[in-house]
Q: 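For reference, the structure I am asking about is given below.
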Amino acid sequence: MTLVIGALTIGLILSLLSMGVWISFRVLRYCDITVDGSITLGASVVAILLVKGWSPWTATLVATLAGAAAGLVTGILHTRFKIQELLAGILVMTALYSVNLRVMGRSNVPLLDVETLASPMARLITRCSSNSDTLGVCGWQVPVQDAAMLVTVLLVTVAVALVIRWFLLTHIGTALRATGDNPQMVRAQGVNHRTMVVFGLASANGLVGMSGALLAQYQGFADVQMGIGMMVWGLASIIIGEALAGRTTPGLALCGAIMGTILFRLLVAIALRWGLNPNDLKMVTALFVFAALVLPDSVKSAMHRFFKRQHHA
Amino acid sequence: MLDLRQIRKTFFPDTPNEVQALCGIDLLIPEGTFAAIIGTNGSGKSTLLNAVAGAFELDQGGIHIDGREITTWPEYRRAGLIGRVFQNPFAGTAADMTIAENIALAMRRGCRRGFGLALHRTARAEIAERVRTLNLGLENRLDNPIGTLSGGQRQALTLLMATWRRPRLLLLDEHTAALDPKSAAQVAELTLTLIRQEKLTALMVTHSMQQAVQLPERIIMMHKGRVVRQYEGQEKDRVRAPDLLAAFDQVRRREQLDPAVAALLAKQYG
């Protein structure tokens, strides 16, 4: 049960990251590697603010804005200074490593005995469960802290997904979606596509920053290395999500991103439980994304060749 | 009204690949006039349209629409005054978005885009009503991705989108060239209907001499970045496709002559 709750909580937290990656990768069709730095930025900003005694909500909001600022810089480097999209992301990601060290003052900030977003929920659950430290769920005893974090991130993730879905159906949201689809058409319809790219990347990285802030609060520390490979993680989740829910409408695609992240996290948790070396996790994730990107076309062309040969024979 | 004053554009200047695409073009298209631009490949027809649309900065000259100078306006700002239909039927629409969403984008052309829902009930009803006028049966497929439609259907929708909010100028860049003959004829007919109905000022690039003769009220012939001849009024009504082809040949022959001799011949024989 602990494995499931842990996987669900991390899955929900990282689904914010996946929604961010979905905005940049699928909506804007922009390969934004800033994500690897902005998730750590969100975590380090929230960690340092919580240690200083800020309210968890304010700290999370500031972390989200910090992530958005990172995306803003990438967008400006690409649109204003004509730097290639991948290079713009790499530049910002590299700079963020130093920024994160500066923010935290060291490579790791522990969050022991600080008020987090889940604390009010934990107090509420404790009060409802007669001041017990554990909560009975389907016959299993779950620590109140874990249950509180799960409920909090569930509420935050659902609220954020609903806001994004609503936004993508507005006039500006429709223009944002069209920007990735056909920039020439968007300009002909009077939309400044550069502003849209900058705005989209800022929103995407804001979500990633928020994900980092929640992750730091859940795992109880922020670490300067925690962002490595997160972009690929987001991609893997999106690919699984698209297989589950499709991507015909923004709502389905967002549901897919959330479900894909949770499922991927569960699969990872199970694989680790079965003895997968944690050091191999990033390589396995990268191989999965590679296979998911390449295999469908390879299988399709192999099938095509096979049937063509059969037809001629 | 479109007023072009001495517009010039050279691509790749001071390099071996230098191309003088527009060589000081002066052109006045009065309000409500439908003009066609014809010319050989590389004559500067599409470049002229792109210059008006703001796809690149001019080296020199000014562009005015209805008395407003738009020379320094970026492309997206000019879209508030200009409707465009591209040669490629896939260029004017966002393939993964639905028909209704594409049109919803066009409904706000030139307006501030806010946080209101793009497809509220009133907008949907209006879209269905206007799409029905195309007689393509698309009013029942508004929630289908526009990428699933044929080139002709997409071009008809692009035309509808370009004219949804009455543009001060409509630019048509060989918009029937990539379509099959039947679709091309339908789109050409729709073009004429919309232009006449809304009394639009329009500039159409075409390689089809038949279209140039039949559709517009004025023909502008371009060659090597210059306007070499214009047909309007009774002269336009009299001109036929073979006459235009003969005029092209004449321009080419004159080009091969010594400039002084060509000028003398032009003076003598027009």
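Chain letters run A, B, ... following the sequence lines, proteins first, then strands; residues in each count from 1.
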Q: Could you tell me which portion of Phe86(B) (side chain, backbone, both or neither) has an atom closer than 4.5 angstrom to a non-hydrogen atom of chain A?
A: side chain
Q: Taking atom CD of Glu18(B) as the centre, report whether more than 12 heavy atoms of other residues, nucleotides or ligands fall under 6.0 Å from it.
A: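 Atom CD in Glu18(B) is crowded, with more than 12 foreign heavy atoms closer than 6.0 Å.
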Q: Should we say atom CZ of Phe11(B) is surrounded by more than 12 heavy atoms from elsewhere, each under 6.0 Å from it?
A: yes
Q: Is the number of heavy atoms from other residues, nucleotides or ligands within 6.0 Å of CD (Glu69(B)) greater than 12?
A: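 Count over threshold, so yes.
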Q: Within a reach of under 6.0 Å around CZ of Arg166(B), are more than 12 heavy atoms found that belong to other residues, nucleotides or ligands?
A: yes
Q: Under the criterion salt bridge (charged side-chain N to carboxylate O under 4.0 Å, His left out), which of Arg29(A), Arg247(A), Arg26(A), Arg177(A) is the partner of Asp96(B)?
A: Arg29(A)
Q: So with a 6.0 Å cut-off around CZ of Arg130(B), is the heavy-atom count from everything else above 12?
A: yes
Q: Other residues, nucleotides and ligands only: do more than 12 of their heavy atoms fall within 6.0 Å of CD on Glu31(B)?
A: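 Atom CD in Glu31(B) is crowded, with more than 12 foreign heavy atoms closer than 6.0 Å.
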Q: Hey, could you give me the CG/CZ distance between Asn192(A) and Arg77(B), rounded to the nearest 0.5 Å?
A: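 Asn192(A) atom CG to Arg77(B) atom CZ measures 11.5 Å (nearest 0.5 Å).
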Q: Once you round to the nearest 0.5 Å, how far does CG of Leu119(B) lie from CG of Leu169(A)?
A: 8.0 Å
Q: How close do Arg109(B) and Gln189(A) get, heavy atom to heavy atom, and via which atoms?
A: CD-OE1, 3.3 Å
Q: Taking all heavy atoms of Ala79(B) and all of Ala188(A), pick out the closest pair and write down the distance.
A: CB-O, 3.3 Å
Q: Would you call the rings of Phe115(B) and Trp166(A) parallel, tilted or perpendicular, taking 30° and 60° as the class edges?
A: parallel
Q: For the atom pair CE (Met107(B)) and OG1 (Thr174(A)), what is the distance rounded to the nearest 0.5 Å?
A: 11.5 Å
Q: Please identify, among Ala162(B), Gly80(B), Ala91(B), Gly147(B), the residue contributing the most non-hydrogen atom pairs under 4.5 Å to chain A.
A: Ala91(B)
Q: A quick test of your reading: do over 12 heavy atoms of other residues, nucleotides or ligands sit less than 6.0 Å from CZ of Arg196(B)?
A: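 No - once you tally the heavy atoms of other residues, nucleotides and ligands closer than 6.0 Å, there are 12 at most.
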Q: For the atom pair CD1 (Ile172(A)) and CZ (Arg112(B)), what is the distance rounded to the nearest 0.5 Å?
A: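 Taking CD1 in Ile172(A) and CZ in Arg112(B), the distance rounds to 9.0 Å.
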Q: Rounded to the nearest 0.5 Å, how far apart are NE2 of His171(A) and CG of Leu105(B)?
A: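 Interatomic distance, His171(A) NE2 to Leu105(B) CG, rounded to 0.5 Å: 10.0 Å.
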Q: Just so I understand: if I count every heavy-atom pair under 4.5 Å between each of Arg84(B), Arg78(B), His120(B), Arg108(B) and chain A, which residue has the most?
A: Arg108(B)
Q: Distance check, rounded to the nearest 0.5 Å: Leu168(A) atom CG versus Glu101(B) atom CD?
A: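 Rounded to the nearest 0.5 Å, the CG-CD separation comes to 10.0 Å.
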Q: List the atom of Met185(A), the atom of Gly92(B), and the distance in Å for their closest heavy-atom pair.
A: CG-O, 3.1 Å
